Structure formats: structure tokens, C-alpha cells
2 protein chains.
Amino acid sequence: MPKQVDHDQRRRQLTEALLRIAGTRGLRAVSMREIAAEAGVSLRVVQYYFTDKQALLDSGLTELTARLDRRVRQRAAATTGELSARSVLEAVLGAILPTDEQSRLDSLAWTAYYTAALTDPALAATALIRPDALEDFLTTRLTTAQQAGDLASERDPRTEVATLLALANGLTASVLGRQRSHEAATAIIDYHLDRLFEPTATLWPPPD
Amino acid sequence: MPKQVDHDQRRRQLTEALLRIAGTRGLRAVSMREIAAEAGVSLRVVQYYFTDKQALLDSGLTELTARLDRRVRQRAAATTGELSARSVLEAVLGAILPTDEQSRLDSLAWTAYYTAALTDPALAATALIRPDALEDFLTTRLTTAQQAGDLASERDPRTEVATLLALANGLTASVLGRQRSHEAATAIIDYHLDRLFEPTATLWPPPD
DNA sequence: GCTGTTAGGATACGATCGTATCCTAACAGC
DNA sequence: GCTGTTAGGATACGATCGTATCCTAACAGC
């Protein structure tokens, strides 16, 4: 076996180049030649390590999913000891919102993929999977919190989780569009969580 | 002046063809020739009525904005007499969520435009305007409701409105991705509004 | 009826795209 | 040292893109 090259490393290098382009200039700007230029290799190398463009796009989507998953887990792990449902929610939602430049680029690329998948059957199967696992996990957490008395009994945990995830996605869109800062988005989520975990009975009657 | 043709009508016809393509096959599939085919005219006609592709895209975006605006106003007008803040919010949020096939197509096209604008300076100026007018209008409505005692005094009207709009956008994304039905999305919004307009003091103490 | 403008048919331009092909330098195994 | 495989350079393919150009049929104004 001559000229040993780490194929996985090569593919990673090219996938990262693709995601940089997608995050800065959009999926529209992603072409085989642009990826080659961004990765500093020739067009032939891109062709050599991926059978076709679709395989490259699939790889980008897989990497993006892995990155988001990693971010969520890292945030969750960072709240060691802190096992309250609220801190878990804060970690997950904080991982979804773009904060630094890198997560902004990834979030942009993800949005581009999601939107493309809405009208592209080749991407739909991979990009439009329902985030069931995350929703189930958070719902379980919230149900436990409710049983412990940390959440008002008339609240529905699953609906609350669905609300929070949709809210985080909606806020992400506005942050990407620079309509609000990520701090402003975080403040809105905190406000919402404040109301969610408020004691059931307020002590003063409504003024009338 | 020979051969009188209604230019505005022609441009509308072409703009609608563009939006049909954008809503079904994405902005990616929008080309001068595809628009011509969709509108049932020759390429030359498309060129004749729009100086270039960018002008056509701008026209599509303008029309889309007008349609959304029209939908919101129609829903608002349909709740005649019903002047409660909640019914106004229901009307606006219901107009944002895709319900029938037409609003789904428009919502898809809008999402495609918004996403493209995130990485395309030529669209950014028009597509990424902050929806200040709507947010201000709803905030004023909610503030009035609060003064009338329909909203708990510790709620912040502007944050609540921002939350609702972001929630509606997030839910729209999930409806477009067929991750939930528009009925399920509406139920989530109703649930949220139930909590928002709940009497301040609940009558029972939290179980502990 | 002649003339000038308008609406649009026909065709071609260079650029860029994904993909295919051909070829060679470099090295592992014998 | 010869041989066969691998990694990648060079180049070309047909398709499609936005745009430009050339030309003519149809009609309003005189």
C-alpha cells in the first residue's frame, strides 16, 4: 500500500471547508471547486474523497448534527451537580442559541440545510428528522420536576418543552438575522423560565 | 402607442410564477427560464418586463411581504367587535402560521428568502428588516390589556410579544418541516395564551 | 397607407456547474 | 530493482445559467 493518507482526516478537512462556505456564503455558494479552494486542495482531491456532491452535502449535515449534539452535551456536563430541571433547560436552550462566532456559523449552515431540505427530497430524509430524543429527555426531566413540586401541577410538561424548543428556534432566526443580540434572546428565555418555575400561588390578588 | 399591454399585470403574472417555484422547489430552482415556463411565456418576455434577475427576486419579496400583511389584516378584520387583546394576538399569530396550502407555499417561499438573505447582501436589506411595527402594535395592545387588569401586573408586555412572535416563527418552521400539524402548533399557542391571560392569583396553594 | 414604436420570437455569448477521463509521481511488497 | 497500487495533477465533457443581440409582427398616429 503506497503513499499512506488518512482518508478520514481528508474527508473531515473537506467537510469543514464545506461548512465554512455554507456558514459564510450559504449553500448556494457551495460548489466542488469552491470547496477545493477553501480547503487548499485541487478539484481532483475533492472528487477523489467523495463520490459526488451529494455525498459531500450529506457529510456536512452529519457533521453539523454531531457538532450540535456535542455542544448540548458539553453544556449539560458543565452544570455538574446542578441537577435542577431549570439548569438542564438553560443548558440545552443555551446550546441551541448561537453565542460565539463558531456557533453562529454552524447555526447559519444548519438553517441553510433545513430550508433546503424543505424543497429538496435528497436532503429531507436526513435534515427533517423530528428531534424526538431531545424532546423526550426534557419532558421526562420536567415531569420529574413537577412531581417534586418545582412546577405547577396545571402545567403540561410536553407542551412546555415543545414551546421552549420552538421559542429557541424562533429566537435563533432573529439572532442570525441580527434583529436582536444573543444576550437579548437569552434574556427572553430566562424571562420565560422565570414564569414557568414561578410558585403556583402568588401572594397578592389581582388589582381590580 | 401600439399593442397595448398591461405591464403591471404582466409583472404580477411573472412574480406569481416565481413565488410558485420558490414555494414548491425552492429559490434554488428559480431561473429566468423556469419562470418563463411556469408563466407560460418565452424567456424574452421575462427579460422584457424585468431588467434583471435581481429585480425579479425583489419583486417576489415585495409581493410576499404584501401577502403576509394582507393576511394579518384580514384575520384582524374578521374579529370585528372582538377587541380583546387575546383575540388580536390569536388573529396575528394565526396569520403567521401556515394553515392552508397557499399560506404554506408563501411561508416556504418566505423562509427561503429569509435564509438566503442571511448570506446574500443583495437581499439582506429588504428581507431582514425588523418587524418593529407589528411588535409595537401588539405591545401597545397588551399594555392596554394590562392596565385593564386582563394581564398580570408582573408580566412585561414587550417581552411577552417578542416571545409570542418568536414562538410562532419557531412553530412555523416545524410545521413546514412536517414535524407537527398546524393544528398542533395552534394548540401550543393557545396553551401559551391560556397561561398568559390566567388570573394572577390561583386559588389553590402549591402541593408540597 | 405610411411610419415609428412596442411586444416578443430566435439565437448566441461567456461563465460556471458536476462529473469523467487520462496520466504520472510516489511508495509498499516482493 | 521491479511491479502494482494509490494519491492527485491536468484537462475536457455537456448542461445550465444570466444576459445580450438581432429581427419582425402588430398596431397607433398622422
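FYI, side chains are in, hydrogens and waters are out, and symmetry mates aren't considered; it's all heavy atoms of this structure. Model, not experiment: these values are computed from the prediction. Reminder, nothing fancy here: chain letters follow the sequence lines and each chain counts from 1.
- The residues B:Glu135 and B:Arg158 are annotated as salt-bridged, a charged nitrogen and a carboxylate oxygen being separated by less than 4.0 angstrom.
- Nucleic acid contact for B:Phe50: none, since no nucleic acid atom lies under 4.0 Å from a heavy atom of the residue.
- For the pair B:Gln47 CD and C:dA12 P, the computed distance is 15 Å after rounding to whole Å.
- Counting only Watson-Crick or G-U wobble pairs whose defining distances are both under 3.5 Å, the stems of 3 or more consecutive pairs in DNA chain C are C:1-30 with D:1-30.
- Comparing C:dG9, D:dG8, C:dT19 by their nearest atom to the side chain of B:Ser42 picks out C:dG9.
- Following rounding to the nearest Å, B:Lys53 (NZ) and D:dT19 (C1') show an atom-to-atom distance of 12 Å.
- Distance CG (B:Leu57) to C1' (D:dC17): 13 Å, rounded to an integer number of Å.
- In this entry the distance linking CG of A:Leu43 with C1' of C:dC23 reads 16 Å, nearest Å.
- Note that OG1 of A:Thr51 is 9.0 Å distant from CG of A:Leu56, once rounded to the nearest 0.5 Å.
- As a whole-Å value, the separation of B:Tyr49 OH from D:dT19 P is 19 Å.
- When the P atom of C:dG8 is taken as reference, atom CE of B:Met32 falls 15 Å away, rounded to whole Å.
- Interatomic distance, CD1 of A:Ile35 versus CD of A:Glu16, reported as 12.5 Å (0.5 Å rounding).
- When the P atom of D:dC17 is taken as reference, atom CZ of A:Arg33 falls 17 Å away, rounded to whole Å.
- Checked for salt-bridge contact, B:Arg73 and B:Asp69 meet the test: a charged N lies under 4.0 Å from a carboxylate O.
- Using a cutoff of 4.0 Å between basic side-chain nitrogens and carboxylate oxygens, B:Asp6 and B:Arg12 are not scored as salt-bridged.
- More than 12 non-hydrogen atoms from other residues, nucleotides or ligands lie less than 6.0 angstrom from CZ of B:Arg70.
- Look at B:His7 and you won't find any side-chain N or O under 4.0 angstrom from OP1 or OP2 of C:dT6.
- In terms of phosphate contacts, A:Tyr48 brings no side-chain nitrogen or oxygen within less than 4.0 Å of OP1 or OP2 of D:dG9.
- If you take CD1 of B:Ile35 and C1' of D:dC17, they are 12 Å apart, rounded to a whole angstrom.
- Considering only side-chain N and O atoms, A:Arg44 lies nowhere under 4.0 angstrom from the phosphate OP1 or OP2 of C:dC22.
- Cation-pi contact between A:Arg195 and A:Tyr191: present, with separation from the ring centre below 6.0 Å and deviation from the ring axis of at most 45°.
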